[in-house]
Amino acid sequence: MPSYNHLEIEPKWQGRWDETGAGKTTGKSSDGKDPLYLLTMFPYPSGSGLHVGHVESYTAMDIVARKKRMEGHDVLFPIGFDAFGLPAENYAIKTGVHPAETTDKAIGNFRRQMKSLGLSFDWSRELSTADPAYYKWTQWMFLLFYKNDLAYRAKAPVNWCDGCVTVLANEQVIDGKCDRCSTVVVQKDLEQWFFRITKYADRLLAGIETVDWPERIKTMQKNWIGRSEGVEVEFRGLKGEMIGEPGAERVHEAEFSIPVFTTRIDTLFGVSYIVLAPEHPLVDALTTVENCEAVVAYRDQARKKSELERTQLEKDKAGVFTGTYAKHPLTGEEVPIWISDYVLVNYGTGAVMGVPAHDDRDYLFASKYSLPVHQVIAPPAGMPEHDFASAAYGDAGILVNSSTFDGLTSAEGKNMIATAVESAGKGKRVTNYHLRDWLVSRQRYWGAPIPMAWCETCGVQPVEPSALPVLLPRDVDFKPTGKSPLVDSVTFHDVVCPKCSGPARRESDTMDTFVDSSWYYLRYVDSTNAEVFAEPEALKQWCPVDLYVGGAEHAVMHLLYSRFFAYALHDLGYLDFEEPFLKLRNQGLILGPDGEKMSKSRGNVVNPDEVVEQYGADALRLYEMFMGPLEDAKPWDTSGIVGVRRFLDKVWMMRERVEGAEGRRFEGADRIVHKTIKKVSEDIDAMKFNTAISAMMICANALQTAETIPRGAYESFVKLLATFAPHLGEEIWHDLGNASSVFDEAWPTFDEAMLVDDLVAIAVQVNGKLRGTIQMDPSSNEKDVQDRAMATENVAKFLEGTEIVKVIYVPGRLINIVVK
RNA sequence: GGGCGAGUGGCGGAAUGGUAUACGCGCGGGACUCAAAAUCCCGUGUCCGCAAGGGCAUGAGGGUUCGAGUCCCUCCUCGCCCACCA
């Protein structure tokens with residue numbers, strides 16, 4: 001069988017590369033070549049091993065890394081493990097096996113699998129976020145943030161997952177469910193640790209425009225930050241007696257003010273009521289005796305609903321009247337104050353003005369409770385009248401029934417009414433964000449402990465940096481109880497106060513694992529440093545990351561948090577850049593052969609180990625790159641591997657027909673190879689690996705027809721292929737008599753002159769329809785081409801009895817004769 | 001409801017406004033073989049035709065252009081993201 005033995009050559013070269021440290025940074029670049037930092041998102045070391053999706057992004061970046069090294073760049077291409085996280089802890093709960101053990105084992109397996117793929121990572125920089133030498137710096141950053149008012153503790157309504165028995169960040173709630181276990185998330189009022197990411201909302205928004213990222217991801221981040229400009233306008237005053245629940249402070253007449261946030265201040269004259277979120281702090285004070293029972297009942301019921309239930313009952317706008325009225329800020333008209341859970345307590349001011357005529361939700365609410373609908377916006381001239389009997393009119397238009405503002409456009413009205421409100425001292429222009437501060441504490445074990453202590457006399461105190469790391473104790477009971485398992489570890493728990501040396505207890509929550517991964521790329525540049533998280537010179541040399549590849553599922557979590565870290569560390573003087581990842585590309589999902597997402601339960605998971613065993617790592621790599629564009633979702637097709645393996649065998653067999661250095665030249669071979677060098681070089685830079693492979697296949701098919709292949713042409717071809725199929729490339733390279741590694745060779749260059757063919761096929765069209773092709777010297781002028789074209793039999797047939805109107809000639813490609 | 005993508009052979013897919021279907025898979029035929037596998041060669045959008053050649057075809061319909069898969073408009077379908085954000 002004319003085939004190379006991948007089981008033999010692949011381990012052989014992997015061993016050799018390991019010995020020579022083939023992926024290590026060299027510390028030097030060729031003249032004029034910048035050092036490059038190429039990064040793939042580090043994996044969570046799951047027990048089920050490497051996914052073929054990992055293989056795709058790692059291979060893609062490995063190809064780029066190898067090519068860039070051959071071009072003379074010093075390349076940093078590191079790998080590590082995002083090792084903290086729930087799966088290992090949940091496994092421990094079930095089996096009693098310690099997460100550290102599970103994780104170590106999984107990392108070992110990942111490392112083995114990665115090496116079996118011939119990936120040229122710089123293994124000397126490998127890191128694990130669960131390593132105390134790493135999380136010491138995660139804790140250090142927490143303290144840094146704490147001291148600079150970027151980390152704080154606060155009581156707030158937070159997302160709680162009963163499945164994971166911990167709080168979650170907003171970003172980890174997907175469709176009202178836990179991102180990890182899909183349990184419906186409930187709201188709880190808890191005191192937790194937060195990072196002040198909202199402080200950076202505007203800069204994170206502006207910075208996103210400066211990076212080369214997929215438009216889709218940029219949009220998602222912009223939407224998530226969700227900046228909206230509007231007016232916070234106050235509704236004051238009251239009528240009637242007010243009471244609160246027992247113990248609530250009594251509020252006297254005219255003493256309260258309800259600020260509401262609106263982006264449609266132009267509809268201010270259409271307000272017919274105010275709605276507070278059930279959790280709004282003024283609810284107690286504003287509720288009258290006769291409405292008390294209903295309000296309390298409604299609020300209790302709303303509290304029990306999950307976010308999911310609230311949003312799924314979208315159409316049902318229910319609420320309760322508090323019994324109290326507020327005065328319209330400009331007209332003084334009295335409007336009733338309601339509560340309803342369609343208003344969210346944690347957006348804007350937790351209160352809205354109800355304008356049923358011009359807002360769908362308000363319209364539904366007003367319809368249900370027969371509240372008045374005041375039209376204040378008319379459709380612009382030329383647009384049909386709006387029928388308010390069935391729906392709200394939500395678009396911009398012309399102001400009506402709005403006192404002196406009548407006749408203005410919505411845009412003008414917004415501006416002038418905002419000014420009027422401001423000068424009346426009844427409100428101000430504000431900017432609101434959807435982005436919330438990042439909740440980073442977790443009531444779980446397998447994460448970096450938050451380095452704080454609770455002292456009976458001094459309150460909460462940061463651990464001294466010199467005392468870091470705060471180690472995770474091993475002797476804990478993993479059963480989740482809603483408190484961190486660390487609470488029960490006496491050795492961990494009892495400490496002395498860093499300030500007064502009195503008795504204190506250690507903070508028992510751990511950090512969200514997204515904290516670990518928000519700065520890992522900084523550690524790679526100096527991964528063994530015990531004094532600082534990384535030396536400034538090393539950071540300066542490599543950062544920011546030039547190219548980052550990973551899945552799109554991290555669009556608003558990891559990527560937003562990492563950006564926040566970079567901005568914060570920049571402001572605190574540790575980094576000289578703000579944006580951490582200059583260029584980002586997503587790899588698409590690799591689906592199962594059935595076109596569905598791979599999952600154990602579906603039984604459609606492809607195990608890379610088996611493919612490597614059967615077809616070889618090179619074939620696997622090549623196939624994954626050949627499947628289609630990197631960013632597309634693509635179904636796996638095992639028979640497709642057969643095709644790329646055939647191609648590799650073909651190239652392997654060709655080496656037997658390479659002529660000696662003195663042999664006769666075969667012009668055609670050189671020409672096709674030069675074209676291939678150009679195409680493959682451009683395609684790798686554009687990350688169009690599928691078409692690069694296609695070009696190499698075309699080249700191999702052409703070379704195959706030659707009885708002997710010029711050595712130089714073949715060697716150049718092997719250098720190209722080696723980036724995709726490193727083992728085979730190296731094997732052939734040595735088989736040709738070369739002693740050093742093919743990856744020490746310079747990337748092949750092409751000669752422009754070699755790209756020009758003696759003859760080119762020119763399409764001949766008559767009225768845009770193809771009627772023939774002619775072979776011409778590429779330097780032929782238009783007249784020659786036209787003469788030849790018109791002399792062609794089939795073309796002449798279509799020209800017969802017609803008059804030529806004009807002729808369009810695209811040099812070297814096409815001639816179109818337009819006739820009538 | 002809002003936003004962003006994408007619809008091309010039997011399948012994965014290719015195509016700076018310029019010969020649509022490259023490359024690969026699959027399929028059909030042939031060579032080699034006692035035979036098979038492997039390998040190699042030829043063919044392979046669809047309809048008409050012995051052929052030469054022609055008609056039609058990139059989700060549907062319109063438009064711009066000498067020329068449209070590509071640009072513009074309307075619509076359909078699918079995917080992803082966000083979503084009671086006031």
Side-chain angles (χ1 to χ4, degrees), chain A residues 1-3 174-176 214-220 222-224 226-228 230 260-264 267 275 307 310-317 340-344 346-355 358-362 364-365 394 432-435 552-553 555-556 588-589 595 622-623 626-629 631-644 646-647 649-650 653 688 690-698 700-701 704-705 761-773 793-794 797 805-819:
Chain A
M1 183 170 153
S3 178
I174 311 294
D175 282 339
E215 219 40 57
R216 213 163 58 85
I217 305 289
K218 288 191 187 182
T219 307
M220 278 191 228
K222 282 187 255 183
N223 289 344
W224 189 260
R227 180 190 162 103
S228 66
V260 306
F261 175 72
T262 180
T263 55
R264 290 298 304 274
T267 65
V275 199
E307 192 80 2
R310 284 199 187 183
T311 52
Q312 277 184 346
L313 299 168
E314 211 171 296
K315 294 280 174 275
D316 183 37
K317 298 275 178 288
S340 172
D341 65 4
Y342 86 83
V343 177
L344 307 174
N346 53 7
Y347 184 77
T349 61
V352 305
M353 58 185 210
V355 185
H358 303 290
D359 181 277
D360 291 337
R361 298 153 301 187
D362 296 344
L364 289 171
F365 191 79
N432 257 319
Y433 298 91
H434 168 246
L435 184 70
E553 68 274 16
V556 287
L589 276 185
L622 205 66
Y623 171 63
F626 188 56
M627 290 172 85
E631 63 276 14
D632 287 9
K634 314 158 275 265
W636 183 270
D637 174 16
T638 299
S639 66
I641 295 195
V642 175
V644 295
R646 270 181 208 151
F647 161 68
D649 282 329
K650 193 183 285 183
M653 293 312 291
K688 290 163 69 175
N690 53 332
T691 49
I693 293 167
S694 157
M696 288 190 284
M697 286 173 165
I698 292 169
N701 289 343
Q704 180 154 274
T705 60
I762 292 175
V764 181
Q765 295 182 340
V766 178
N767 284 348
K769 282 200 184 287
L770 182 70
R771 297 304 178 192
T773 56
E793 192 185 342
N794 196 51
K797 198 168 83 188
V805 180
K806 66 170 154 178
V807 175
I808 284 130
Y809 178 54
V810 183
R813 295 197 63 91
L814 165 146
I815 186 163
N816 186 12
I817 301 167
V818 185
V819 299

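Quick caveat, the model's predicted, so the values are computed rather than measured. Labels below follow one simple rule: chain letters A, B, ... track the order of the sequence lines, proteins then strands, and each chain is numbered from 1.
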Proximity to the side chain of A:Leu770 - top-ranked nucleotide from B:rU19, B:rC66, B:rC80:
B:rU19
Across the strands shown, which category fits A:Thr691 at heavy-atom distances under 4.0 angstrom: base, sugar-phosphate, nothing?
sugar-phosphate
Spacing of the C1' atoms in B:rU65 and B:rG69 (rounded, Å):
16 Å
Can you tell me the distance, in whole Å, between the OH atom of A:Tyr342 and the P atom of B:rA86?
13 Å
Which part of the nucleic acid does A:Asn816 contact within heavy-atom distance under 4.0 Å: base, sugar-phosphate only, or nothing?
base
Looking at A:Arg813, I'd like to know whether one of its side-chain N or O atoms comes within less than 4.0 Å of OP1 or OP2 on B:rA15.
no
Value in whole Å for how far the C1' atom of B:rC25 lies from CZ of A:Phe647
16 Å
Rounded interatomic separation in angstrom, taking CD from A:Glu215 and P from B:rC80:
21 Å
Atom CE of A:Met653 and atom C1' of B:rU39: how far apart are they, to the nearest Å?
10 Å
So is A:Lys317 actually on top of A:Tyr342's ring, under 6.0 Å and inside 45° of the axis?
yes
For atom P, what is the distance between B:rA36 and B:rA51, given to the nearest Å?
30 Å
At under 4.0 Å between heavy atoms, what does A:Lys218 touch on the DNA or RNA strands: base, sugar-phosphate, or nothing?
nothing
What interatomic distance, in whole Å, is found between P of B:rG43 and the corresponding atom of B:rG61?
33 Å
How would you label the contact of A:Asn690 with the nucleic acid (heavy atoms, under 4.0 Å): base, sugar-phosphate, or nothing?
sugar-phosphate
Here the distance between atom P of B:rG13 and atom CH2 of A:Trp636, to the nearest Å, is 14 Å
To the nearest 0.5 Å, how far apart are CD1 in A:Ile762 and CD1 in A:Ile815?
7.5 Å
How many Å lie between CG on A:Asn767 and P on B:rA68, as a whole number?
12 Å
So A:Ala633, base contact, sugar-phosphate only, or nothing? Heavy-atom distance under 4.0 Å.
sugar-phosphate
Just call it for A:Asn701: base, sugar-phosphate, or nothing, with non-hydrogen atoms closer than 4.0 Å on any strand.
sugar-phosphate
Can you identify which nucleotide, out of B:rC80, B:rA86, B:rA83, has its nearest atom closest to the A:Val343 side chain?
B:rA86
Mind calculating the distance between CD1 (A:Ile698) and C1' (B:rC23) to the nearest angstrom?
6 Å
Whole-Å gap separating P (B:rG12) and NZ (A:Lys634):
13 Å
Are any of A:Arg771's side-chain N or O atoms less than 4.0 Å away from OP1 or OP2 of B:rG54?
yes
